[in-house]
Structures are given as C-alpha cells and as structure tokens.
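Heads up, the thing below is written out as structure tokens.
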Amino acid sequence: MIDNIKKRFPVFEKNPDLVFFDTAASALKVDSMINAITECYSYEYANIHRGIYDLSSKLTKRYEDSRLAVSKFIDSPSSKNIIFTKSATEGINLVSSCLSASYLDDGDEVLVTSLEHHANLVPWHLVSKKIKIISANIMPNGELDYKDLLEKITSKTKLLSITHMSNVTGSITKFEEIKTKLKKLNIPILIDGCQYVPHNKLKISDLDPDFYVFSAHKLYGPSGLGILYMKDKWIDKFGPYQGGGSMIKNVETQSSTYLDGYEKFEAGTPPIAQVIGLSSSLDFISNVGLDKIYEFENSLTKYAYDKMKKINDMIIYGDFKNQTSIISFNVKGIHFNDLAVFLDKKNIAIRTGHHCAQPFMKYFNISGNARISFGIYNSREDIDYFIETLDELKNFFKQ
Ligand SMILES: Cc1ncc(COP(=O)(O)O)c(C=O)c1O
C-alpha cells in the first residue's frame, strides 16, 4: 500500500473495513478536494467571468488557474485547448454534435470498436446525419483486434473514436500503427481517456489526438465535471454546442454572435466549485506521482490476477499483457449479482452487470460479469481478503 494514503480518504473513517473495488466506476474522494470545495462554497463563492467585484474576480482567476492546472497535468500545449463540460459523456456528445453540423455527411463512416463504453457509442447514434458506424472487433481473449481495426481504417473513414483503456478489461490501446495509418489518410481521432488518465501519465502532446475526453470523478475529484481537450483547428471550425450566457459577443433579440475560443462551448454558469476541486485532486495525484501510482496499481493487478486464475471455474476476460487496474470475471455456476451481494455482506464493493459495454458482453454471449477495479487506496491485504471470500462463496454455493 502507498504509505498512509487511506487516511486521506474520509470514507474509511466511517467504514474502516470497506474494501472498495469499484474505482473504475467512480473513485473515492480525497480530503484536500473535499476541503477545497467546502472552502470555495463557504468563503470564496460568487459567479465568475461577470462580476467586477473582488470575490468574483478572485474566483474567476482560480477557475482559470485550474484550467491551466488541467492543461499542465496532461501536458497540453495551452489551457485554451481545455473545455469544461458536465461529464466526459457530454464531451463526446459535444464533439459528435459539432462534427455532425460542420464535418460529417450522410454515408460517412465513423469507426469505433466493440470495446467502447456506451458514452462513445450512443452519441454517434444520435447525430443528425445518416452516418455509417463501423466497429472493429475484439478477439476471444478480450483484446482489441488490431488487424481488423487497421483494415477498417479506409479512405471512407471520417473519424476514429476509440477508448484509451477499456473499462471492462483494463486493456490499454496501442496507438502507434493506428496513428500512422490515420495520419496517412488525414483522419481525425477522438480518444476516450476516462479510464486511462487516473492510472497513467498522459502526454497529450505526444499522443496528439484531435479530441480527448476524461472525467473528474474518476480522478478522486468531484462529480459533475468532464474535460474535453480539443485541437485549435476544431475549436476554430466548430460553432457553439449550446447557447446562453458567457459564450456571446453580441446579442440582439433575433440573432447573436459568439466568442471564438473555448468559451463558445461553455454556455451558462459552469461547474465552478467542481473545477476548483479538480485542481486540488490533480495536485494530490501529482504529489503521489503518476509513475508511482501506475507501478503500484499494476503490481496490485498482477497480484490479484495470478491468484484469481488459480481458482477453479474462474473465467477472466482479458489476457493481462497490457492491462492494468481492472479485472472482470465470472465464476461458472454463480450469477454475478449473487456474487456481488455475497461480497457486499463481507464489506467488499464490486461492480457487476454490463458496465455500459453491451457490445463487449454480446460478443461473449453473456448478460454481464463481475468487475474489480483498483485505486490508490487498495492493498494486497484487500486482495487476499477478496480471494478468501471468493473461496467461502464457492463453498456456500456448492451446498
Ligand atoms: C471508458 C469510459 N468512457 C466513458 C465513461 C463515461 O464517463 P462519465 O460517466 O464520467 O461521463 C466512462 C464511465 O464509466 C468510462 O469508463
């Protein structure tokens, strides 16, 4: 375990025996982030970007400093490429809607994969144009079929929208060959980094995507906030996604003109306290160090995987060559929900169901599975206890 880290998470004060294995859904909350939000609402709060009084201008500065902190965290060339949304889901909806308005035509192909979260599928189903959604396959070991994906990138492809790390298997996408092919054909890419960013250092300048989304609540940060990185050329090309205050140059009753930069995508009062809170949780992560976090969580994942694969009747989805922090599985003869209820009685919180990834489940012909996922507060002791409890559970269901 990372020394004393659990003390930074107040939830364990009230639930000292909790083994929390659902970080992939949403991470537990770190004390400094909670304090930053409490202080913001208690002592610093005013609406931003409008007031010229002291409280408002100070909070506006903190809000924009947080944008800078986010941009440094992912190594973005400028904070002007960072757009705050209410969720990563909204970030993808923003992109799909703007691309539909100004880039996609009927019959164009948008390429996705069968590993995607619904947040990276449904927004493409909703676009106003009649686009064709092409999906790259997965393989029997749960990995992305790279050969199939590369073959499906053709001159008809108008966008690749793909996960950076699967929320079902924890598998990390290898981008080298994909990027080479996309570059050759001048095809833009959207990357869904919701699972990647909390566990690995993201260097957006190396990866160089057109769009990249992730969510604050998976980073030990607040809910209600997503981050969308967008390249300048798209910021310039796109019109607004929503209309309202804070995004206009001039308004008449019949028409309006809009701001040019990221501001045109942030209509209305933004999630002010959440943005301040996110900056605090990013500080926390940076102080621990993402290299250390990756190494720690990776060794935890291998430790759990080695123990789980020795259990009879265990089916694990994924091949663990390039996976981290997430293991999804089924135990033959036991429904995943029965398993979750049994574990819950023993204070182990896991996720079961389709994990918003029904195409993955359909490929394996299952309605769902069980998923354990790790965060900074987990330990080998948690895993030992989980494995013991699985043994108990198997005996219980045998009776
Ligand atoms: C891979 C992936 N993409 C997208 C999302 C959606 O994120 P949010 O619910 O924060 O919008 C999730 C959430 O679980 C996810 O795991």
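All ligand and atom numbering here is 1-based and tracks the order in the structure.
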How far is [atom] from its nearest protein heavy atom, and which residue and atom is that?
{"atom": "atom 1 (C) of ligand 1", "result": "Asp192 OD2, 3.5 Å"}
{"atom": "atom 15 (C) of ligand 1", "result": "His117 CD2, 3.2 Å"}
{"atom": "atom 10 (O) of ligand 1", "result": "His217 NE2, 2.8 Å"}

Run the numbers for me: atoms of ligand 1, each under 4.0 Å from some heavy atom of [X], listed by number.
{"X": "Gln195", "value": "1 (C), 15 (C), 16 (O)"}
{"X": "Ala119", "value": "4 (C), 6 (C)"}
{"X": "Ser215", "value": "7 (O), 10 (O)"}
{"X": "Lys218", "value": "12 (C), 13 (C), 14 (O), 16 (O)"}

Under the 6.0 Å and 45° cation-pi test, does Lys264 pair with Phe238?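 Judged by the rule (NZ or CZ under 6.0 Å from the ring centre, within 45° of its axis), Lys264 is not positioned above Phe238.
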Counting heavy atoms only, which of Thr89, Asn167, Ile326 is nearest atom 9 (O) of ligand 1?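 Going through Thr89, Asn167, Ile326 one by one, Thr89 has the nearest heavy atom to atom 9 (O) of ligand 1.
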Minimum heavy-atom separation for [X] to [Y], with atom names?
{"X": "Thr301", "Y": "Glu297", "value": "OG1-O, 2.6 Å"}
{"X": "Leu55", "Y": "Tyr45", "value": "CD1-O, 3.8 Å"}
{"X": "Ile5", "Y": "Tyr377", "value": "CG2-CA, 3.8 Å"}

Is the closest N or O pair between Ala88 and ligand 1 shorter than 3.5 Å? yes
Partner of Phe374 under ring-ring contact (aromatic ring centres under 6.0 Å, His included), chosen from Tyr303, Phe21, Phe296: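 Single ring-ring contact (aromatic ring centres under 6.0 Å, His included) partner of Phe374 among Tyr303, Phe21, Phe296: Phe21.
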Any donor-acceptor N or O pair under 3.5 Å, side chains Thr257, Asn250: no
Between Asn337, Asn330, Asp22, which is the residue that forms a side chain to side chain donor-acceptor pair (under 3.5 Å) with Thr352? Asn337
